Asker: 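One structure follows; several queries about it will come next.
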Amino acid sequence: MAADEPGSVLRDELAGDTDLFGLARIVAQHAGGMVSIEDPRSHVLAYSASNEAADRLRIQSILGREGPREYLRVLRQRGVFDRLRQTDEVIDLPPHADIKHRLVVSIRQPSDGTPTPTTMLGAIWLQEGERPFKPGAAEVLRGASAIAARIISRSLAAPSTEALLIQRLFGAGRGEIDIPATADTLRIPLTGPAAVIGFACLDSATARDHSALGSTMRLHASAFRRDALATVIGDRAYVLLPAYHSATAVAAWARQLVEQLEVMRALPLRAAIALPVTDLGAVAAARHEVDRVLNGTTPQRVTTLADSRTAVLLGEILDLVASRPDLHDPRLTVLFDYDREHAANFCASAEAYLREHGDVRSAATTLRIHPNTLRYRLRRVTDLTGIDLDDPADRLLLEIQLARHRRTDLRR
């Protein structure tokens with residue numbers, strides 16, 4: 001191949017290290033049109049800039065971070081995905097309905113010791129813009145396919161040095177971490193304000209697929225900010241947004257992501273946000289802050305410690321009491337046993353009474369029973385435990401012990 005041929009020019013320009021976004025931008029420049037790079041499940045990994053010539057397939061794919069189902073069905077019916085799995089050649093797709101002219105090539109990883117591409121890592125799509133593709137566009141795509149395969153293969157090699165460094169930044173592992181050197185290696189600002197967001201699955205079965213959760217967060221966080229960092233520690237995912245400019249925008253993105261993943265991926269999540277994080281040295285402490293929120297039972301799906309401090313602190317107090325058997329009031333054991341053995345509702349009745357600040361009628365309405373029935377149950381609570389419901393200290397202690405018992409039951 002001559003040195004000035006498109007594939008050679010592309011390889012020379014990408015001689016240094018790059019990422020998929022950089023690759024998409026350069027391919028668009030040399031091939032003409034608009035580029036998107038997708039994984040084997042049609043999830044968008046990176047893309048070049050769009051213009052007014054972008055069709056609905058491209059717009060919806062980038063906005064939703066994956067191909068719209070109706071368009072994917074059309075491409076599947078046309079046999080496009082079958083051809084991508086079968087060949088590493090560039091496929092020419094003429095316009096069809098409102099889908100514009102495209103070129104597409106698979107991204108493949110050669111198996112060890114053989115020159116034959118086998119594993120499909122994704123595909124590079126090139127949509128025609130206002131002008132036809134440049135001469136040699138297919139050769140540019142072929143060269144880009146090989147480069148993309150190397151980039152994706154490196155990202156799949158886990159755990160990479162970078163991945164371990166990000167985990168250390170979030171406080172995982174032992175020993176000190178050189179924060180300035182870490183900032184330089186990861187190419188992120190040393191000082192803030194930064195934001196840390198923690199994500200926890202509400203579904204225990206989904207939470208076990210940690211790698212999928214991490215990949216999803218890396219994808220969406222990088223789409224929001226290119227310098228975003230994401231990792232998985234235990235069964236939670238964490239995102240660092242260096243030098244954010246708007247706390248409102250960070251919260252809006254987190255809420256939108258939680259809603260989108262539940263609707264589109266059946267992935268129910270809770271999120272907690274810590275900001276502002278003054279510098280990278282405070283990232284680990286910020287992770288601890290979001291963990292405190294995620295450990296709690298706040299009703300909000302996306303919140304901060306400041307907005308849910310009462311629920312968080314109360315939950316931590318109850319956990320502390322639960323962890324100390326010597327702080328369990330033995331007088332309530334007989335009450336818990338009686339409820340369990342007789343299918344009674346003395347605990348629930350006492351909680352309702354305390355929640356309504358001693359107003360029997362309001363508590364009875366909440367329980368949907370007659371006030372006299374509630375009065376009888378409250379007398380039985382006093383008889384069984386010896387706790388005086390007219391004494392403020394006794395009432396406070398009873399409320400804490402009942403809440404601790406309920407919280408323990410919910411976690412079993």
Side-chain angles (χ1 to χ4, degrees), residues 171-172 174 198 200-202 204 207 233-236 270-274 284-301 303-360 362-364 366-367 369 373-412:
R174 298 179 179 178
C201 289
L202 293 175
S204 57
I233 302 173
D235 58 359
R236 290 174 180 172
R270 292 175 60 221
I273 305 170
R287 176 196 158 209
H288 174 68
E289 179 177 320
V290 300
D291 277 341
R292 291 179 65 191
V293 179
L294 295 175
N295 289 339
T297 55
T298 56
Q300 302 97 325
R301 294 287 290 276
T303 187
T304 64
L305 179 58
D307 291 337
S308 56
R309 195 175 297 276
T310 297
V312 170
L313 290 177
L314 181 58
E316 292 177 345
I317 290 170
L318 295 177
D319 287 341
L320 177 62
V321 173
S323 69
R324 292 271 306 276
D326 58 311
L327 295 181
H328 298 184
D329 189 338
R331 293 176 294 178
L332 268 70
T333 302
V334 64
L335 185 64
F336 300 145
D337 291 343
Y338 190 92
D339 260 6
R340 183 174 58 255
E341 294 169 5
H342 297 85
N345 296 297
F346 290 168
C347 288
S349 298
E351 283 192 283
Y353 172 76
L354 295 168
R355 191 163 49 246
E356 296 298 330
H357 309 290
D359 188 327
V360 171
S362 295
T366 300
L367 294 169
I369 60 176
T373 302
L374 178 57
R375 290 188 181 96
Y376 165 75
R377 292 181 181 177
L378 295 175
R379 286 196 299 271
R380 292 291 292 140
V381 169
T382 298
D383 292 341
L384 289 168
T385 63
I387 291 176
D388 183 0
L389 293 178
D390 293 327
D391 182 273
D394 271 9
R395 288 199 304 271
L396 175 60
L397 179 60
L398 176 60
E399 190 164 9
I400 292 174
Q401 295 291 330
L402 290 173
R404 183 268 304 171
H405 182 71
R406 184 180 66 253
R407 183 176 176 88
T408 303
D409 278 352
L410 288 174
R411 292 184 169 182
R412 285 175 180 169

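Only this structure's heavy atoms are used, side chains among them; waters, hydrogens and symmetry mates stay out. None of the values given here were measured: they were computed from a predicted structure.
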Asker: Please test Tyr353 against Thr366 for side-chain contact (heavy atoms from CB on, under 4.5 Å), starting from the C-alpha separation and ending with a verdict.
Answerer: CA-CA 9 Å; Tyr353 172 76; Thr366 300; over 6 Å; no
Asker: Thr382: which residues meet the side-chain hydrogen bond (donor to acceptor under 3.5 Å, both in side chains) condition with it, sequence neighbours left out?
Answerer: none
Asker: State which residues pass side-chain hydrogen bond (donor to acceptor under 3.5 Å, both in side chains) with Asp329; sequence neighbours excluded, sorted by chain then number.
Answerer: Arg331
Asker: Working to the nearest 0.5 Å, report the span between CD1 of Ile400 and NE2 of His405.
Answerer: 16.0 Å
Asker: Looking only at heavy atoms, which two atoms of Asp339 and Cys347 are closest? And how far apart?
Answerer: OD2-N, 3.0 Å
Asker: Report yes if some heavy atom in the side chain of Arg407 is under 4.5 Å from a heavy atom in the side chain of Asp319; otherwise report no.
Answerer: yes
Asker: Please find the pair of heavy atoms, one from Glu356 and one from Ser362, that lie closest to each other, and give the distance.
Answerer: OE1-CB, 3.5 Å
Asker: Measure from NZ or CZ of Arg380 to the centre of the six-membered ring of Tyr338, then state whether that distance is under 6.0 Å and the direction lies within 45° of the axis.
Answerer: yes
Asker: With sequence neighbours excluded, what pairs up with Asp337 under the salt bridge (Lys or Arg N to Asp or Glu O under 4.0 Å) test?
Answerer: Arg340
Asker: Looking only at heavy atoms, what is the nearest atom pair of Ala363 and Ala352, with distance?
Answerer: CB-O, 3.7 Å
Asker: Does any part of the side chain of Ile369, heavy atoms only, come nearer than 4.5 Å to the side chain of Arg377, both counted from C-beta?
Answerer: yes
Asker: Is there a side-chain contact between Leu294 and Arg236 (heavy atoms, below 4.5 Å)?
Answerer: yes
Asker: At what distance, to the nearest 0.5 angstrom, does CZ of Arg292 lie from CZ of Arg309?
Answerer: 7.0 Å
Asker: Show the numbers, then the answer: is there a side-chain contact (heavy atoms from CB on, under 4.5 Å) between Ile273 and Val293?
Answerer: CA-CA 9 Å; Ile273 305 170; Val293 179; over 6 Å; no
Asker: Tell me the closest heavy-atom pair linking Arg404 and Val321, and the distance in Å.
Answerer: CG-CG1, 4.0 Å
Asker: Only counting residues at least two apart or in another chain, list the ones meeting side-chain hydrogen bond (donor to acceptor under 3.5 Å, both in side chains) with Arg301.
Answerer: Glu262
Asker: Taking the basic N atoms (NZ, or NE/NH1/NH2) and the acidic carboxylate oxygens, is any pair closer than 4.0 Å for Arg287 and Asp291?
Answerer: yes
Asker: For residues Thr408 and Ala322, report the shortest heavy-atom separation together with the two atoms involved.
Answerer: OG1-CB, 4.1 Å
Asker: Calculate, to the nearest 0.5 Å, the distance between atoms CG and CG belonging to Leu397 and Leu327 respectively.
Answerer: 10.0 Å
Asker: Which distance, rounded to the nearest 0.5 Å, do you find between the OG1 of Thr304 and the CD of Glu289?
Answerer: 7.5 Å
Asker: Tell me, do Ile387 and Val381 make a side-chain contact under 4.5 Å, heavy atoms counted?
Answerer: no
Asker: Please report the shortest heavy-atom distance between Ala393 and Asp391, naming the atom on each side.
Answerer: N-OD1, 3.0 Å
Asker: State, yes or no, whether a side-chain contact exists between Thr298 and Asp307 at a heavy-atom distance under 4.5 Å.
Answerer: no
Asker: Please identify each residue that fulfils side-chain hydrogen bond (donor to acceptor under 3.5 Å, both in side chains) with Thr385, with sequence neighbours left out.
Answerer: none
Asker: Taking salt bridge (Lys or Arg N to Asp or Glu O under 4.0 Å) as the test, write out the residues that go with Asp326, two or more places apart.
Answerer: Arg324
Asker: Please check if atom NE2 in His288 has more than 12 non-hydrogen atoms from other residues, nucleotides or ligands closer than 6.0 Å.
Answerer: no
Asker: Atom CZ of Phe346 and atom OH of Tyr376: how far apart are they, to the nearest 0.5 Å?
Answerer: 5.0 Å
Asker: What is the distance from atom CG of Asp359 to atom CG of Leu374, rounded to the nearest 0.5 Å?
Answerer: 10.0 Å
Asker: Do Leu367 and Ser349 have side chains that approach each other closer than 4.5 Å (heavy atoms only, starting at C-beta)?
Answerer: yes
